Amino acid sequence: MKYLTKNRIYLSSFLSGFIFSMGLILSGMTNSKKVIGFLNIFRNWDFSLLFVMGCAVGIYALVNYLIQIKKEKGFKPLFAETWSFSAKKEVTKELVCGSIIFGIGWGMSGFCPGPAIVSLVQLTSPIVLFILMMLLGMSVFNFFFKK
Amino acid sequence: MNLNLVILGGILVGVGSSVLLLFNGRIAGISGIVKNLLLAKEWKNRQNLWRLFFVMGLLSGGLLGRVFAPDQAVDWGKAVWPEKIVIMGGFLVGFGTAMANGCTSGHGVCGIGRFSLRSLIATLLFIGAGIATVYVLGSFYEISY
């Protein structure tokens, strides 16, 4: 029982990823054709992915809001010691450039990190190569450009 | 295209992110989780282990989806554009999300859900860049779906 209590944070991590993954699959985010269709607003727009973000943000915003209120009174995460939030408020050039670069890559592939990992189970060559290149891109930024 | 499934999917993404927030106190930003897992220096005190479990959760969901694959996942893992473009895109996704410190889940869902101006701007920028890129590529290659 004590083993379970000590390691329950790994259970919640796993569960979170699992539920998240189910969401990505059911919503069509793992379907690169659907993603490209969503970004294809000038030609043949498939707006359905707008609902994905809308619903996801809606639910998360509600939960986050309730947590923020309770946090004032000393509310802690259920399985963890502290909250791990980024304190950054400034809009930096890294944020702007990085987002644009990511967006270009997203438009070129139709994959973003989450759906790509979920799709890895298909072991198709575009996905495997995408993941390898993504990891390379992360490493290159970290080793050569990070302050 | 079944919009009900899309909405259910969106709800589950929101729920999954909320679970990580409520229980672990953390932001479900996939690019950050993957990046920290990849560049891990702290394995000794198990600080990074939760990220491994999260990714295992993602993969397990994928495996389940493979078994019960809904219509949404029919083109799963296939690329729209030629492979060399997808590969270059992969590098830019990794590089860009590392620089921007977030992606569609981190900035798009969690960031906007927290009413973060940083994340709203990031999201508008990467969606805008994606739209522009698809527009350009669409004038060279056929999209068929």
Side-chain angles (χ1 to χ4, degrees), chain A residues 10 12-14 16-23 25-28 31 33 36 39-40 42 48 51-52 55-57 59-61 63-64 77-80 83-84 94 98-109 112-114 117-119 121-122 124 126-127 129-130 133-134 137-138 141, chain B residues 5-14 16-20 23-26 30-31 35 50 53-54 57-58 60-63 65 72 75-77 79-80 85-87 89-100 103-105 109 112-114 122 125-126 129-131 133-135 145:
Chain A
Y10 305 124
S12 57
S13 306
F14 179 87
S16 167
F18 185 77
I19 295 172
F20 198 99
S21 160
M22 296 274 81
I25 295 171
L26 287 174
S27 65
N31 185 341
K33 280 192 178 172
I36 301 289
L39 296 172
N40 198 19
F42 294 117
S48 50
F51 285 93
V52 185
C55 295
V57 171
I59 293 203
Y60 190 84
V63 173
N64 183 67
L78 297 186
F79 288 174
W83 302 98
S84 306
E94 283 82 21
S99 301
I100 292 174
I101 291 173
F102 162 49
I104 294 174
W106 193 32
M108 284 169 78
S109 60
C112 59
I117 295 176
V118 173
S119 304
V121 300
Q122 291 291 77
T124 58
I127 274 291
L129 293 169
F130 175 91
M133 289 304 285
M134 180 179 82
M138 288 176 167
F141 176 79
Chain B
L5 277 183
V6 175
I7 290 173
L8 177 61
I11 290 173
L12 289 177
V13 169
S17 310
S18 299
V19 165
L20 199 69
F23 289 85
N24 295 40
R26 289 189 183 269
I30 313 280
S31 69
K35 189 180 71 170
W50 72 269
F53 274 86
F54 183 87
L58 287 181
S60 302
L63 285 173
Q72 316 285 70
D75 293 310
W76 209 357
V80 173
I85 294 183
V86 175
I87 291 171
F91 183 85
L92 294 180
V93 166
F95 192 87
T97 54
M99 192 189 280
C103 57
T104 42
S105 54
V109 177
I112 294 181
R114 295 170 61 201
L125 284 172
F126 65 66
I131 288 174
T133 304
V134 167
Y135 181 70
Y145 51 85

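To find a chain, count down the sequence lines: A is the first, B the second, and so on, and within it residues start at 1. What you see is a predicted model; the values in this text were computed from it and never measured.
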Q: Hey, what's the ring geometry for F53(B) with Y10(A), parallel, tilted or perpendicular (30° and 60° as the breaks)?
A: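 Ring orientation, 0 to 90° scale: parallel.
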Q: Could you tell me which portion of I87(B) (side chain, backbone, both or neither) has an atom closer than 4.5 angstrom to a non-hydrogen atom of chain A?
A: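 The answer is both parts of I87(B).
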Q: Looking at A79(B), S105(B), G14(B), which one has more heavy-atom pairs under 4.5 Å with chain A than the rest?
A: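 Heavy-atom pairs under 4.5 Å are most numerous for G14(B).
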Q: In terms of heavy-atom contacts, does OH of Y135(B) have more than 12 from other residues, nucleotides or ligands at under 6.0 Å?
A: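 Counting neighbours around OH of Y135(B), 12 or fewer heavy atoms of other residues, nucleotides or ligands fall under 6.0 Å, so no.
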Q: Looking at M99(B), R114(B), K35(B), which makes the most heavy-atom pairs under 4.5 Å with chain A?
A: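 When all of M99(B), R114(B), K35(B) are compared, M99(B) has the most.
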Q: Which residue out of V86(B), L58(B), I112(B), L92(B) racks up the most heavy-atom pairs below 4.5 Å with chain A?
A: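 Sorted descending by pairs with chain A, the first entry is L58(B).
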Q: Heavy atoms only, distances under 4.5 angstrom: which of V63(A), I100(A), I117(A) has the most pairs with chain B? Name it, please.
A: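 With the most close heavy-atom pairs to chain B, the winner is I117(A).
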Q: Name the option with the most non-hydrogen atom pairs under 4.5 Å to chain B; the candidates are F18(A), F14(A), F79(A).
A: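 The residue among F18(A), F14(A), F79(A) with the greatest pair count is F14(A).
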Q: Let's test your reading of the structure: which of V13(B), L63(B), L8(B) forms the most heavy-atom pairs below 4.5 Å with chain A?
A: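 Highest number of pairs under 4.5 Å: V13(B).
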Q: I want to check something: taking the side chain as every heavy atom from C-beta on, are F23(B) and P77(A) in contact at a cut-off of under 4.5 Å?
A: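 The answer is no; the side chains never approach within 4.5 Å.
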Q: Looking at chain B, which one of L129(A), V121(A), I127(A) has the largest number of heavy-atom pairs inside 4.5 Å, strictly under?
A: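 Max contact count across the listed options: V121(A).
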Q: Who among S31(B), A98(B), C103(B), G94(B) has the most heavy-atom pairs with chain A under 4.5 Å?
A: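 Winner by heavy-atom pair count: G94(B).
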Q: Does the plane of the ring in W50(B) sit parallel, tilted or perpendicular to the ring in F54(B)? Use 30° and 60° as the thresholds.
A: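 Answer is perpendicular, since the angle exceeds 60°.
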Q: For N24(B) and S16(A), test the side chains for any donor-to-acceptor distance below 3.5 angstrom and give the result as yes or no.
A: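 Judged by distance alone, the side chains do not pair up.
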Q: I need the residue from P113(A), C112(A), S109(A) with the largest number of non-hydrogen atom pairs under 4.5 Å to chain B.
A: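 Heavy-atom pair counts peak at P113(A).
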Q: What residue, out of F130(A), Y60(A), F20(A), has the most heavy-atom pairs lying under 4.5 Å from chain B?
A: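 Of the candidates given, the most pairs with chain B belong to Y60(A).
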Q: With a 4.5 Å limit on heavy-atom distance, are the side chains of L5(B) and S27(A) in contact?
A: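 Answer no - side chains too far apart.
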Q: May I ask you to name which of V19(B), V134(B), I7(B) has the most heavy-atom pairs under 4.5 Å with chain A?
A: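 Highest number of heavy-atom pairs under 4.5 Å: V134(B).
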Q: Evaluate the side-chain proximity of T97(B) to F126(B): yes if any heavy-atom separation is below 4.5 Å, no if none is.
A: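 Heavy-atom side-chain distance check fails, nothing below 4.5 Å.
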Q: Are side-chain heavy atoms of I59(A) and I11(B) found at a separation under 4.5 Å?
A: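 The answer is yes, as the side chains (C-beta and beyond) meet within the 4.5 Å cut-off.
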